[in-house]
Structure formats: structure tokens, C-alpha cells
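This structure is a prediction, so every number in the text was calculated from the model and none was measured.
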Amino acid sequence: MANAFVAPPPPLKDELDIVIPTIRNLDFLEMWRPFFEPYHLIIVQDGDPSKTIKVPSGFDYELYNRNDINKILGPRSSCISFKDSACRCFGYMVSKKKYIFTIDDDCFVANDPSGKAVNALQQHIKNLLCPSTPLFFNTLYDPFREGADFVRGYPFSLREGVPTAISHGLWLNIPDYDAPTQLVKPLERNTRYVDTVLTIPKGTLFPMCGMNLAFDRDLIGPAMYFGLMGDGQPIGRYDDMWAGWCCKVICDHLGLGIKTGLPYIYHSKASNPFVNLRKEYKGIFWQEDIIPFFQSLTLPKEATTVQKCYIELSKQVKEKLSKIDPYFDKLADAMVTWIEAWDELNPQGPSQANGKA
């Protein structure tokens, strides 16, 4: 009798957590079941902690609400945003896995141009497990993809690449626009599926979106802080942007890479542009000073770990951005609190001694 076929185990099954921030029942997981069910979920419930969030049966998960956050972090819980999806970064902190994939609860499975369902998690894992090339741009994009390679003229000394810290995925249907762009293009939808992955070059910033994102927690986790946003703060919808800017300058300093492009998810609903404008209003002005700050920022050679880089970054935020608004003083203090809380919950993790100057 022939041996029964045994399917290979899902990639990184015991090394990856899926982090989901939410205020509602997670019915959207049914669509993702074929891809997510083998993995452990960390659900961070925002808003009213007395509300019961329902999770479809069959998923392995832990759920944290605001009461749990306050209990676990004590006074340091002030660094975790309230009534904002930035609360998701608490899930990064309590995870004990090497990799994190985070997704919003209004993101569904996309189909590629052939009609096949896109396994976003599998593509993120591919991105994270092969090197990045931030030091020299390859005109065939990712040289490590099947069917591609380094082109003529690419220095052989740089072809080894660097470790990939972040995989940034994209979205079909509702684009990730700011409120002014939403208002002038209310009916615009992204239908263009570009079959490409590329490394963001060293020295180049990018707008990071947190709705379809994966990262190597050991390499960059302590910098993946989504800031102080939402309730009680003068700004929202810049949480993932802030984390992206911080992570990019730290990755550049430590010799790490960030990939963007595939995988796509289907972003199902547009948020209210008028509500978004109220949240983004100050940020739209502030970013004109924030971006030059990050573009000119340098980190000292002594900053050889993500934590050391992040503490140095917080000092420079306080020194150079607080003149814009007192909020940045508060944010710089929260960045330090975040690192203290991270190190308390992860006292001897690999992230304590990663990277190279």
C-alpha cells in the first residue's frame, strides 16, 4: 500500500505570530483560515475593554484588552496608544516569536491577475528569508526571486546582500491615501497588480503602511513602536509612518534591508476622509519638518543595537522636533518608556545584541 501523502508543515509555523488590532468581531478571519489557521494569533483589542470580541473557532490565539495592557505594563502602559490601531505594537512586545505579521481586520484575501488567491503570509516569509540589496539598485528588482539575478555591472562584492528586517506589502481596491487625496479622489481604486519586490535603497525614506506588514522581530522589533496616537493625542494615522521612518534610519545604520511590493491584500473599506483629516491635520504640516529631520539624522558608531539606536533617536527627537510642538517632548519620553517596557518583557532576547555598526 502506498504511503499517504503528508503535506509539508506551514513555513515558520512555530516562529511567527500574527498580530491583529481590532474593535470588532473577527469574522474576516474565515476568509484567511486556509493561510492563518496553523499560526498563533495575538489580538489587541482597542477601545472598551468590557466589550467581548468574538473570534471564529479553530484559531489559536491570545487576546489582550486595555485592562490587560495596564496590568502587564503598569505605569509604562502610557506608551501604548488608546483608541487607535497603533495599539497593535503591544502585540509585538509580548510576542516571543522571531517573526511578526500584522494585518488590519478590513483586509481580505486578494486575487492575482490569474484569479488565484494570494497567500500574503507566505510571500512575506519569502521576502524576509532572502537578503535585501539596499547598497546598489538592481534594475531587475529583487535578484533573489526565481527567474531573476544580478544584472551586468552589479558589483560582485555587494551581491551577498544584507539581512531583511521588514517586508512591506501593498493593497488592491482602497489605496492608502491621506485625507486630502481621499477627498479629491473619492472613487479611485487601485486595480493594478505589479508583480514586483524591490529593496528600498539606503538613505531613502518611505511611507510605511501597517495594514499588511511583516518583520523580523529579532532584527528590528524594538524600533517597531507605533508612537503615541489616538485618544488624548493631537495626531493620528501617523503611527505606522513614524515607525517606518525610525526603522529605516536604524536599518540603514545597522546594515539591514527593507523590501516593498508583493504581497497584495484586498483593502475592503475606505475610512471617512473628514474623520481622517481631523486626525492627520497637524501631521500634514509637521511632516514637512519631520522628513528633513530623518533625512539628516545620523546615529553614533556606539549605537550597535536597535535599543541603543532608538534611545539615541529619542534624544534627537526631543532636541530637534520639540520646537515644532510640545507633543514631540511627550513622544520622545514615550519612546524611552517603550524601550524600557520592551526590555523588561524581553530581558535576554536576541534583539539585545543584534546588528552591526
Sort and list the pairs that fulfil ring pair (Phe, Tyr, Trp, His ring centres under 6.0 Å) and have at least one residue in residues 44-82, not counting sequence neighbours.
-> Tyr64-Phe90

Is the Phe328-Trp286 ring centre distance short of 6.0 angstrom?
-> yes

Hydrophobic cluster (4.5 angstrom, side-chain heavy atoms) - remaining members for Val151 | Leu140

Non-hydrogen side-chain atoms of Leu183 and Phe274 separated by less than 4.5 Å | yes

Non-neighbouring partners of Arg145 that pass side chain to side chain donor-acceptor pair (under 3.5 Å), sequence neighbours left out = Asp195

What salt bridge (charged side-chain N to carboxylate O under 4.0 Å, His left out) pairs are there with at least one residue in residues 274-286, not counting sequence neighbours?
-> Arg237-Glu280

Distance-only donor-acceptor pairs under 3.5 Å for side chains of residues 67-74, two or more places apart:
| from | atom 1 | to | atom 2 | distance (Å) |
| --- | --- | --- | --- | --- |
| Asp68 | OD2 | Asn65 | N | 2.8 |
| Asn70 | OD1 | Ser77 | OG | 3.1 |
| Asn70 | ND2 | Arg66 | O | 3.4 |

Run the salt-bridge test on Lys83 and Asp46 with the 4.0 Å N-O cut-off and return the result as yes or no.
-> no

Hey, is the main chain of Thr298 close enough, under 3.5 Å, to the side chain of Gln316 for a donor-acceptor pair?
-> yes

Is there a donor-acceptor contact under 3.5 Å from the side chain of Glu319 to the main chain of Ser322?
-> no

Output field: ring centroids Phe35/Tyr39 closer than 6.0 Å = no

Provide the full list of salt bridge (charged side-chain N to carboxylate O under 4.0 Å, His left out) pairs with a residue in residues 175-187, sequence neighbours left out, each pair given once.
-> Lys185-Glu188

Can you pull the ring pair (Phe, Tyr, Trp, His ring centres under 6.0 Å) pairs that have at least one residue in residues 180-231, sequence neighbours excluded?
-> Tyr92-Phe215, Tyr92-Phe226, His168-Phe206, Tyr193-Tyr264, Tyr225-Trp338

Determine yes or no for a side-chain-to-main-chain donor-acceptor pair under 3.5 angstrom, with Asn138 supplying the side chain and Asp149 the backbone.
-> yes

Identify whether the distance between the nearest side-chain nitrogen and carboxylate oxygen of Lys318 and Asp333 falls below 4.0 Å.
-> yes

Inter- and intrachain pairs under salt bridge (charged side-chain N to carboxylate O under 4.0 Å, His left out), touching residues 241-252, at least two apart | Lys248-Asp252

Salt bridge (Lys or Arg N to Asp or Glu O under 4.0 Å) with Arg88: of Asp104, Asp17, Asp239, only one passes, and it is Asp104

Apart from Leu135 itself, members of its ILVMFWY cluster (side-chain separation under 4.5 Å) are Phe136, Phe144, Phe150, Tyr154, Leu158

Taken in chain and number order and not counting sequence neighbours, the residues that satisfy side chain to side chain contact (heavy atoms under 4.5 Å, CB included) with Leu198 are Tyr141, Thr196, Thr260

Got a salt bridge between Arg76 and Glu340, using NZ or NE/NH1/NH2 to carboxylate O under 4.0 Å?
-> yes

Is there a donor-acceptor pair under 3.5 Å between the side chain of Asn127 and the backbone N or O of Leu262?
-> yes

Carefully, step by step, assess Thr164 and Leu256 under the rule side-chain contact (heavy atoms from CB on, under 4.5 Å).
-> CA-CA 6 Å; Thr164 300; Leu256 303 170; over 6 Å; no

Return the set of residues passing salt bridge (charged side-chain N to carboxylate O under 4.0 Å, His left out) with Glu37 (not counting sequence neighbours), or none when no residue passes.
-> Arg33

With His267, which residues qualify under side chain to side chain donor-acceptor pair (under 3.5 Å), at least two apart?
-> Asp106

Check the pair Val19 / Ser95 against side-chain contact (heavy atoms from CB on, under 4.5 Å), numbers first and verdict last.
-> CA-CA 9 Å; Val19 174; Ser95 170; 5.6 Å; no

Hey, does the side chain of Asp105 reach the backbone of Arg24 with a donor-acceptor pair shorter than 3.5 angstrom?
-> no

Please report the closest heavy-atom contact between Ala223 and Cys247, naming both atoms and the distance.
-> O-SG, 3.5 Å

For the residue pair Phe101 and Phe36, categorise the inter-ring angle as parallel (less than 30°), tilted (30 to 60°) or perpendicular (more than 60°).
-> perpendicular

